[in-house]
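Quick note: residue numbers are just sequence positions, from 1. Values below: every heavy atom of this structure, side chains too, minus hydrogens, waters and symmetry copies.
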Amino acid sequence: MVTLLRKLFIKDYQDVERQDVRVKHGILAAVNGIVVNLLLIGLKLGLAIFMWSYSGILSLALVSDAVNNVTDLASGIVTLIGFFYAGKPADKEHPFGHQRIEYISGLILSVLVVAAGAELIFSSIEAIIAGTLVSYDLTGIIILAIAIVLKLYQLYVYLSLGKAVNSPSLKATSMDSLGDVVASVAMLASAICSYLLSWNFLDSYMGVAVGILVAYAGISMIKETSEPLVGSPISKTLIESIANDVREDKRILGVHDIMVHRYGPTLIFITLDVEMDENESFTEAHRLINQIEKKLEKKYHASVSIHCDPVAPNKPEVIEKKNQALELLKKLDPEASIHDFQIDGENVSFDVLTPYRGVHPKQEEIQKKMEELFEGSSVNIEFDHPYDGDPD
């Protein structure tokens, strides 16, 4: 079904790395959500009004669920606007483009969902305190069943399109839809119990349950949609893939400090350091690095910048001292490693890579021990941590 929708409404729908194709996926999902939620609002409010007309009691759970769909409708509109503006090209005020608006729209949706859930909880608790009883008939049960089918369809569309373009915004919206499905199932259970067993007190309690589910889904969405804005770690698989691509040329003796900066789902900047023999000519090193940058840019659709560090792979005295430093470091921190080791006269410099834990607890001790090891030399150590969230 979703594949058919993509074929019908999105040209080159499989080329999801293109921002214009990605935007069309978001717009398709948003429009689909708006249509479905309009149907759900009409069904649930119509049922609530019908029940009130013959019983004189308004189902707060049903109205609350309809209000939740109004929130979903607003979410669809926010998603539509978010994807529209995210697709705008870079300009003078925003030189890195507007793709992060997709994350911002997802965060707005998440806050709206939490607010809706809180409102459902409070109104339902008031109904419990007031002792409100609500009864359902067969028509209400059928309408609720239809609403569940529509919500399942909406969940399927959001989830499929979100996975197709790896969109945090659409994934967050699909989580909201999943909460709606669970909430509607709870409503249906309440209606069946009311119809068959005359348990008319359940409606308000189900309203509380619905509110809790909605609020929980919203809180989860806030976490997921805010992480890209704060700066989430890049997958270790991607880091390793980049490193392997760089190492394909044997003149590259080492790769480190790989950082991937995201200014949106498809706007990526890659920076990294490579180690090359210090005897390699500057012209050749420059040419090789340009080749590698172009290769990475083509493969990862990214802007790439590479810094070259000269090393001495054929000087036994440098290798010996590096091994001494590494042996000492492993005693102080078994998880740490060394790269970019250089000796220039009386100056010794290298980087220490450690698992991320803020300021390294043994930083001063490592500095002191290394100065003792290389007594008489000036020792310069740069402490760093990996950026993939899963250090070696």
Side-chain angles (χ1 to χ4, degrees), residues 17-19 89-90 95-97 99 231-323 325-326 329 336-345 347-356 378-392:
E17 295 297 327
R18 281 171 43 190
Q19 179 62 8
F96 296 107
Q99 289 191 23
S232 55
I234 304 301
S235 73
K236 190 173 182 66
T237 302
L238 176 59
I239 296 294
E240 290 176 346
S241 176
I242 294 171
N244 290 335
D245 289 335
V246 175
R247 291 192 191 101
E248 285 182 355
D249 193 295
K250 300 304 179 184
R251 287 171 291 179
I252 301 298
L253 304 178
V255 184
H256 57 268
D257 289 350
I258 300 176
M259 288 184 280
V260 180
H261 311 269
R262 289 190 178 274
Y263 285 87
T266 64
L267 187 58
I268 304 172
F269 291 79
I270 300 173
T271 61
L272 58 95
D273 288 6
V274 298
E275 296 177 355
M276 295 184 66
D277 193 322
E278 62 182 8
N279 294 316
E280 189 77 53
S281 74
F282 178 82
T283 301
E284 280 301 306
H286 178 71
R287 185 184 63 81
L288 175 59
I289 287 175
N290 276 343
Q291 289 178 351
I292 296 173
E293 286 176 342
K294 286 181 172 59
K295 180 175 70 172
L296 296 181
E297 286 172 356
K298 183 177 180 180
K299 179 175 180 179
Y300 297 103
H301 304 280
S303 177
V304 182
S305 178
I306 300 178
H307 172 74
C308 181
D309 296 322
V311 295
N314 299 315
K315 291 183 178 179
E317 66 276 12
V318 175
I319 296 173
E320 181 184 358
K321 290 184 180 297
K322 178 181 178 180
N323 290 337
L326 183 59
L329 180 65
S337 62
I338 288 176
H339 60 72
D340 196 16
F341 189 91
Q342 299 180 38
I343 297 179
D344 181 14
N347 297 313
V348 178
S349 63
F350 55 91
D351 292 354
V352 172
L353 185 70
T354 63
Y356 184 76
S378 174
V379 180
N380 179 34
I381 303 175
E382 292 288 339
F383 288 86
D384 203 357
H385 61 83
Y387 292 88
D388 57 8
D390 187 14
D392 292 327

Engineer: With a 6.0 Å cut-off (strictly less than), is the heavy-atom count around NZ of Lys321, excluding the residue itself, greater than 12?
Structural biologist: no
Engineer: Just do the side chain to side chain contact (heavy atoms under 4.5 Å, CB included) check on Ile292 and Ile252 with the steps written out, would you?
Structural biologist: CA-CA 10 Å; Ile292 296 173; Ile252 301 298; 3.9 Å; yes
Engineer: So, taking the atom named CD in Gln291 and the one named CG in Leu288, what distance separates them when rounded to the nearest 0.5 Å?
Structural biologist: 6.0 Å
Engineer: Which atoms form the tightest heavy-atom contact between Gly345 and Ile343, and what is the distance?
Structural biologist: O-CG2, 3.8 Å
Engineer: Search all heavy atoms of Ser337 against all heavy atoms of Leu326 and return the closest pair with its distance.
Structural biologist: CA-CD1, 4.4 Å
Engineer: With side chains defined as the heavy atoms from C-beta onward, is the minimum distance between Asp351 and Asp384 less than 4.5 Å?
Structural biologist: no
Engineer: Let me see the working for His339 and Asp257 under side chain to side chain contact (heavy atoms under 4.5 Å, CB included), right down to the final yes or no.
Structural biologist: CA-CA 10 Å; His339 60 72; Asp257 289 350; 3.7 Å; yes
Engineer: Counting only heavy atoms not in His286, do more than 12 sit closer than 6.0 Å to its NE2 atom?
Structural biologist: no
Engineer: Identify every side-chain donor-acceptor pair in residues 305-312 under 3.5 Å, counting partners at least two apart or on other chains, and give the distances.
Structural biologist:
unit_1	atom_1	unit_2	atom_2	d
His307	NE2	Asp309	OD1	2.9
Asp309	OD2	His256	NE2	3.1

Engineer: Answer yes when Lys299 and Asp245 have at least one side-chain N-carboxylate O distance shorter than 4.0 Å, and no when they do not.
Structural biologist: yes
Engineer: Got a salt bridge between Glu284 and Arg287, using NZ or NE/NH1/NH2 to carboxylate O under 4.0 Å?
Structural biologist: yes
Engineer: Measuring from Lys322:NZ to Ile338:CD1, what's the distance to the nearest 0.5 Å?
Structural biologist: 7.5 Å
Engineer: Return the OH to CD1 distance between Tyr263 and Ile268, rounded to the nearest 0.5 Å.
Structural biologist: 12.5 Å
Engineer: Between Ile319 and Pro313, what is the shortest heavy-atom contact and its length?
Structural biologist: CD1-O, 3.2 Å
Engineer: With a 4.5 Å cut-off on side-chain heavy atoms, are Asp277 and Arg251 touching?
Structural biologist: no
Engineer: Indicate the atoms forming the closest heavy-atom contact of Ala302 with Ile270, along with that distance.
Structural biologist: CB-CD1, 3.9 Å
Engineer: Working note: Gln342 + Glu278, criterion side chain to side chain contact (heavy atoms under 4.5 Å, CB included); need CA distance, chi angles, decisive distance, verdict.
Structural biologist: CA-CA 10 Å; Gln342 299 180 38; Glu278 62 182 8; over 6 Å; no
Engineer: Indicate yes or no: at least one non-hydrogen side-chain atom of Leu296 is less than 4.5 angstrom from one of Leu272.
Structural biologist: yes
Engineer: I want to check something: taking the side chain as every heavy atom from C-beta on, are Asp273 and Asp340 in contact at a cut-off of under 4.5 Å?
Structural biologist: no
Engineer: Which residues pass the ring-ring contact (aromatic ring centres under 6.0 Å, His included) test with Tyr300, sequence neighbours left out?
Structural biologist: none
Engineer: Can you tell me how far CG of Leu353 sits from CD of Glu382, rounded to the nearest 0.5 angstrom?
Structural biologist: 12.5 Å
Engineer: For Val260 and Phe269: C-alpha separation, side-chain torsions, deciding distance, then whether side chain to side chain contact (heavy atoms under 4.5 Å, CB included) applies.
Structural biologist: CA-CA 6 Å; Val260 180; Phe269 291 79; over 6 Å; no
